[in-house]
Each structure stands twice: as structure tokens, then as C-alpha cells.
Peer 1: 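After the C-alpha cells below, expect a handful of questions from me.
The structure displayed is predicted, hence computed values, not measured ones. In what follows, residues are counted from 1 in the order of the sequence shown.
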Amino acid sequence: MTQRKYFGTDGIRGRAGQWPISADFMLRLGRAAGTVLAARAKPSIPGGQVPKHPAVVIGKDTRISGYMFESALEAGLVAAGVDVRLLGPLPTPAVAFLTRSLRAVAGIVISASHNPFDDNGIKFFSATGEKLPDEVELAIEAELEREFTTVPSDQLGKATRIDNAVARYAESCKATVPEELSLHGMKIVLDCAHGATYQVAPKVFAELGAEVFTIGDAPDGFNINRDVGSTHPGALQKAVVEREADLGIAFDGDGDRVLMVDRTGALADGDDILYVLARAWQAKGELKGPVVGTLMSNYGLEKALAAMGVPLVRANVGDRYVLQQLRAHDGVLGGETSGHVLCLDRATTGDGIVAALAVLEALAESGQDLVQARAGLAKLPQVMLNVRFSGNAKAVLDDAEVAAAVDAAQQQMAGRGRVFLRASGTEPVVRITVEGADADEVKALAQSLADVVKSVAERS
């Protein structure tokens, strides 16, 4: 694929105020994206008219810098002759949904997901609510290199705020489960990470009848993901036990990840959620294709699914790659250990609220609680080590000594676990993962591989 200058696997991300996550760049990005998207706009029905001003929706999480970037993107898009629909703070999947619902040509999310408040980022959705095709991102990058221009005044776009965005998205979430599903009698603790779900998540679960307690629901622009949310689940685990709740649900800053906590305070990660949903959907005959995980999915998940006759396909790390494999295999269920869960029969992208509702539906239908529903998944001990050095991580992995050590380790764990090494895509780090039933063996083998990688790196 052609080398990109700005776009990564999940949009553009960095430290707020530093190029390209700066107000001046966002102004230029808005104009470039607007120009490209307007040129590619198509009528919503065959033979229909292309609107004079195609629309782009913009949503954001709760970071203080989001206001600055929202205004800059708005100005650039309007300068390109594109109308703007401002959604305010909403989860990333809500932007995907409202892009489709409002018949926009694209959606823009201002968020750095699970990162701290002083980071921010931009990602785009197409008119169908999916990630922009590679060729569109490359066209936007090419347009960024051109001079900033503004369309004539009579062709400028307009910006309007969508006041009912939260309500519209909440209704779409509830529509993913049967009308008869009731959460009456359930005590649920929600951890909104002081992020984009802080308004909509409590609304959804309360309207379905649950007694809802919330933490991480008081964003101030600076506290997003701080000691709460899916990256810091300890606060939720404590709250579930203290409240004697049936379960807890933790989102990340932009609401596309979800982790859960059972009534005992034990954490259920993305692998647990995939297992619960695969088991429930297979029992109803609704599981299509394989389940798609990633290189990081626990070997125990693979074994548990195999025992049910369900294959696990492993994608590269990243929800973009999970989606690609689901499309390639006509699957409907996939995700990452970190909590990105894709239910393609219900949403076009990873959606924390939708995935949590799917789990609650499965529990209600089975008559089980979360402890019981995931009892059949026995995860193997896993050790992950990062070896950092100054040099080319991929070259170290290609070294004959490293390759021989990996081959020997894989033979040692064949049929009993997994061994894999991968180079970081953003820094000089080799990531080592070993899984197996014997925790001591796993730890020793991971350290042995780390020692070989360090030795080779020092010689390079």
C-alpha cells in the first residue's frame, strides 16, 4: 500500500498542539477532506440528485482540545462548500450510526480513544458508517499538499448542531436487542471513563429497566481515562463488589471498547465477551462464519471455541484488521482482548454499548449470570515482554538466531500453547508473547526469548 504521511491504521493521532494534531493542520484537513468528499458525493438513490452541499457530521469525546479541533475542522469543511452537522460529545460508534442516519457523505470523530487527555486524534467514517477506504485517505493526503482555497461565498457550507443526537443514538442501541428484553431487577455499575459515553450509556441501560450506578461520569476536559474506564478497571471492580451489583460495564474514552466485571469483581475482557456471545449465538443458530480474534487473543479462547466446533481466525492487532477478516470470511463476530468487539449483525463498527447489550441479551436468554456464562472458558497463563532497543525491530526478528529460537520455542509449546514475536509498528520494540498451561514454563520461555532478542539487538 502506498506510504501514508498522516493517516495510520486508525486515523491521525498525536499530542494536542503538536503537528499534525494542531489547529492549523485541522483547518487544512477540513478543507482537504471536504474537497475530496464533495467531489466523490453520489446521490442516495439511483438517478437521484447530489445535494448542493454534501454534509459531514462531527462528533468528539470530552477532551479539552476537542473544542479547538471541532472549530478548525468546521471552518475548513465550510470553506470547501460542505455543510457540517455538529453532534457534540458522543461515542465513536454513534458517529458511524449518525453518518448513515443523517445521509452524510462522511463522519469525523475527534478522539484519542483510551489515551490521556493531552493526546487527540481524528478518524473518518464513510457514508456507510465504516472506515474510509484507503484510496480516499490517500486522496485527502494529496489534497493537503495543495494550496488552501475557499469556494465563492454563495457556495460556502453551513454548520448546524444536532440537538437530539444522544436520543437518536440511544434508540438505535436499544433497537439492537429484542423489545421484550427487560433489565428490571438488575443492578449495573457503569464506568464511562469520563468520556464520550457519560450521557448516553446511563440513559440506555436505565431505560431498559436496570438500576444504574455510575462512575467516571463527570468529565472536566482533563480527566478522561484517568484511573477509570476499560484501561483502569480496578475502580469498577471495587464498585461492583461494594454495590453488590449483578455486573459492571467499563467503556474507554470514545466508547468503542468495553470490558465487563462479574458479581464477584472478576474482570471479563474481550476474549470472555467473544466466548459468551459465540456460545449464545451458536446455540440459536445465529453465529455465521468463524469468530475473528487477533494475535493477542488467548489460546484458551481458541481451544474453547474449537470444542464447540467454531474456528478462530487470527487477524493482526487492530479493529481495522479484525473487520477485514470478518468481511473476508463472512463472519459476524470478532474483536480484541482489549475490548473492541464487533457485532456486524448489529453495528458497522466496534460499539461498547451494543456489545454489552448483546451480552445482557445472552445472559437473559440462558438464565445465567456472567460468572456462569464464561465458566467454560479456561484461559492459559500468558506472559508478554517488550524488548526495547535503538535499531530496526523487524531486522532483529529476521535474524537467523532469533528465528531459530522462536522455532524451537514453538516446537516446545506445540499443541499446548502459543509463541509469537512481533515488531511494533511505531517504535523500536519487539513484543514477545508466550502462552501455555504451565505458568513457570511460560515465564521461563518468554525470558529466554527476550534474552536472545536483546543479544542480537546489541550486536546489530
Side-chain angles (χ1 to χ4, degrees), residues 11 13-17 21 23 26 57-74 86-98 107-123 161-170 173 188-207 212-240 243 248-259 261 338-340 350-354 356:
R13 189 177 296 186
R15 184 60 58 90
I21 309 301
M26 295 304 164
V57 301
I58 301 179
K60 61 184 179 181
D61 64 23
T62 56
R63 294 163 211 272
I64 187 69
S65 59
Y67 294 93
M68 174 172 65
F69 298 138
E70 180 185 57
S71 297
L73 285 165
E74 174 192 332
L86 299 171
L87 306 178
L90 270 182
T92 289
V95 178
F97 163 73
L98 287 164
I108 300 177
V109 181
I110 306 169
S111 175
S113 188
H114 57 281
N115 288 23
F117 85 94
D118 47 1
D119 284 346
N120 217 328
I122 304 294
K123 51 187 166 185
R161 190 162 295 279
I162 306 301
D163 294 326
N164 64 347
V166 169
R168 292 177 70 152
Y169 173 60
C173 290
I188 298 176
V189 182
L190 299 179
D191 182 349
C192 299
H194 297 308
T197 60
Y198 82 100
Q199 299 176 93
V200 67
K203 177 180 177 68
V204 168
F205 292 93
E207 289 181 355
V212 174
F213 304 94
T214 54
I215 63 175
D217 62 339
D220 61 9
F222 307 96
N223 60 0
I224 188 171
N225 299 313
R226 185 194 299 161
D227 301 324
V228 288
S230 62
T231 52
H232 300 91
L236 179 62
Q237 292 173 286
K238 180 180 178 182
V240 167
R243 292 282 187 177
I249 302 169
F251 305 105
D252 66 340
D254 72 330
D256 62 355
R257 292 191 192 190
V258 62
L259 299 181
V261 172
S338 61
H340 282 124
D351 189 318
I353 294 175
V354 168

Peer 1: So, do Val261 and Val189 sit near enough that their side-chain heavy atoms are less than 4.5 Å apart?
Peer 2: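 Heavy-atom side-chain distance check fails, nothing below 4.5 Å.
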
Peer 1: Sequence neighbours excluded and cut-off under 3.5 Å, please list the side-chain donor-acceptor pairs for residues 219-229, or say none.
Peer 2:
{"residue": "Asp220", "atom": "OD1", "partner": "Phe222", "partner atom": "N", "Å": "2.8"}
{"residue": "Asp220", "atom": "OD1", "partner": "Asn223", "partner atom": "N", "Å": "3.0"}
{"residue": "Asn223", "atom": "OD1", "partner": "Asp220", "partner atom": "N", "Å": "3.2"}
{"residue": "Asn223", "atom": "ND2", "partner": "Ala218", "partner atom": "O", "Å": "3.0"}
{"residue": "Asn225", "atom": "OD1", "partner": "Gly253", "partner atom": "N", "Å": "3.1"}
{"residue": "Asn225", "atom": "ND2", "partner": "Ser113", "partner atom": "O", "Å": "3.0"}
{"residue": "Asn225", "atom": "ND2", "partner": "His114", "partner atom": "O", "Å": "3.3"}
{"residue": "Asn225", "atom": "ND2", "partner": "Asn115", "partner atom": "O", "Å": "2.8"}
{"residue": "Arg226", "atom": "NH2", "partner": "Phe222", "partner atom": "O", "Å": "3.0"}

Peer 1: Taking only residues two or more places apart in sequence, or in another chain, which ones meet Asp191 in a salt bridge (charged side-chain N to carboxylate O under 4.0 Å, His left out)?
Peer 2: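 By the salt bridge (charged side-chain N to carboxylate O under 4.0 Å, His left out) rule, Asp191 matches no residue at all.
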
Peer 1: Return the minimal non-hydrogen interatomic distance between Val204 and Cys173, and the atom names on each side.
Peer 2: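 Val204 and Cys173 have their closest heavy atoms at CG2-CB, 4.3 Å.
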
Peer 1: Between CD1 of Ile58 and CZ of Arg161, what distance do you get to the nearest 0.5 Å?
Peer 2: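 Result: 9.5 Å between the selected atoms.
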
Peer 1: Please identify each residue that fulfils side chain to side chain donor-acceptor pair (under 3.5 Å) with Tyr169, with sequence neighbours left out.
Peer 2: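 Testing Tyr169 for side chain to side chain donor-acceptor pair (under 3.5 Å), a comparison that skips the adjacent residues, returns Asp351.
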
Peer 1: Could you pull out all residues at least two apart from His194 that satisfy side chain to side chain donor-acceptor pair (under 3.5 Å)?
Peer 2: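 Applying side chain to side chain donor-acceptor pair (under 3.5 Å) to His194 gives none.
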
Peer 1: To the nearest 0.5 Å, what is the distance between CZ (Phe205) and CD1 (Ile353)?
Peer 2: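 Answer rounded to 0.5 Å: 6.0 Å.
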
Peer 1: Please test Leu190 against Asp217 for side-chain contact (heavy atoms from CB on, under 4.5 Å), starting from the C-alpha separation and ending with a verdict.
Peer 2: CA-CA 9 Å; Leu190 299 179; Asp217 62 339; over 6 Å; no

Peer 1: Report the residues that fulfil side chain to side chain donor-acceptor pair (under 3.5 Å) with Thr231, sequence neighbours left out, ordered by chain and then residue number.
Peer 2: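 For Thr231, no residue satisfies side chain to side chain donor-acceptor pair (under 3.5 Å) once neighbours in sequence are set aside.
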
Peer 1: Which pair of non-hydrogen atoms, one from Pro202 and one from Thr214, has the smallest distance, and what is that distance?
Peer 2: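 So the minimum-distance heavy-atom pair works out to CG-CG2, 3.7 Å.
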
Peer 1: List the residues meeting salt bridge (charged side-chain N to carboxylate O under 4.0 Å, His left out) with Asp119, not counting sequence neighbours, and say none if there are none.
Peer 2: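 Scan of Asp119 (salt bridge (charged side-chain N to carboxylate O under 4.0 Å, His left out), adjacent residues dropped) gives Arg15.
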
Peer 1: Of all the heavy-atom pairs spanning Gly66 and Asn120, show the shortest one and how long it is.
Peer 2: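 Smallest interatomic distance, heavy atoms only, reads N-ND2, 3.8 Å.
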
Peer 1: To the nearest 0.5 Å, what is the distance between CG on Leu87 and CG on Asp163?
Peer 2: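 Between Leu87 CG and Asp163 CG, I get 10.5 Å after rounding to 0.5 Å.
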
Peer 1: Would you check, one step at a time, whether the test side-chain contact (heavy atoms from CB on, under 4.5 Å) holds for Met26 with Ile21?
Peer 2: CA-CA 7 Å; Met26 295 304 164; Ile21 309 301; 3.9 Å; yes

Peer 1: Distance-only, no hydrogens or angles: does the Arg63 side chain make a donor-acceptor pair with backbone N or O of Pro116 under 3.5 Å?
Peer 2: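 Indeed, once roles are kept as given, a pair shorter than 3.5 Å links the two residues.
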
Peer 1: Holding to side chain to side chain donor-acceptor pair (under 3.5 Å), I want the full list of residues that pass it with Ser111, two or more places apart in sequence or in another chain.
Peer 2: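 Here the qualifying residues are Asp61.
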
Peer 1: Taking only residues two or more places apart in sequence or in another chain, which ones pass side-chain contact (heavy atoms from CB on, under 4.5 Å) with Asn164?
Peer 2: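 Per chain and number, Asn164 pairs via side-chain contact (heavy atoms from CB on, under 4.5 Å) with Ile162, Arg168.
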
Peer 1: With sequence neighbours excluded, what pairs up with Leu259 under the side-chain contact (heavy atoms from CB on, under 4.5 Å) test?
Peer 2: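 side-chain contact (heavy atoms from CB on, under 4.5 Å) check on Leu259 returns Ser230, Leu267, Asp269.
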
Peer 1: Who are the side-chain contact (heavy atoms from CB on, under 4.5 Å) partners of Ala96, not counting sequence neighbours?
Peer 2: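 Listed in chain order: Phe125, Thr348, Thr349.
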
Peer 1: Quick one: closest heavy-atom pair of Ala193 and Phe251, and the distance?
Peer 2: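 That would be CB-O, 3.4 Å.
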
Peer 1: Enter the distance from Leu73:CG to Met68:CE here, rounded to the nearest 0.5 Å.
Peer 2: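 The CG atom of Leu73 sits 10.5 Å away from the CE atom of Met68.
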
Peer 1: Check whether any side-chain heavy atom of Leu90 lies under 4.5 Å from a side-chain heavy atom of Val166, and answer yes or no.
Peer 2: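 The answer is yes, as the side chains (C-beta and beyond) meet within the 4.5 Å cut-off.
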
Peer 1: Closest heavy-atom contact between Gly255 and Pro91?
Peer 2: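 Taking every non-hydrogen atom into account, CA-CB, 4.2 Å.
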
Peer 1: How would you list, by chain and number, every residue that makes a side-chain contact (heavy atoms from CB on, under 4.5 Å) with Ser71, sequence neighbours excluded?
Peer 2: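 Checked Ser71 against side-chain contact (heavy atoms from CB on, under 4.5 Å); zero matches.
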
Peer 1: Looking only at heavy atoms, which two atoms of Arg257 and Ser338 are closest? And how far apart?
Peer 2: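 Residues Arg257 and Ser338, closest heavy atoms: NH1-CB, 3.4 Å.
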
Peer 1: My understanding is that only residues two or more places apart in sequence, or in another chain, count here; which of them pass salt bridge (charged side-chain N to carboxylate O under 4.0 Å, His left out) with Lys123?
Peer 2: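 Scan of Lys123 (salt bridge (charged side-chain N to carboxylate O under 4.0 Å, His left out), adjacent residues dropped) gives Asp10, Asp254, Asp256.
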
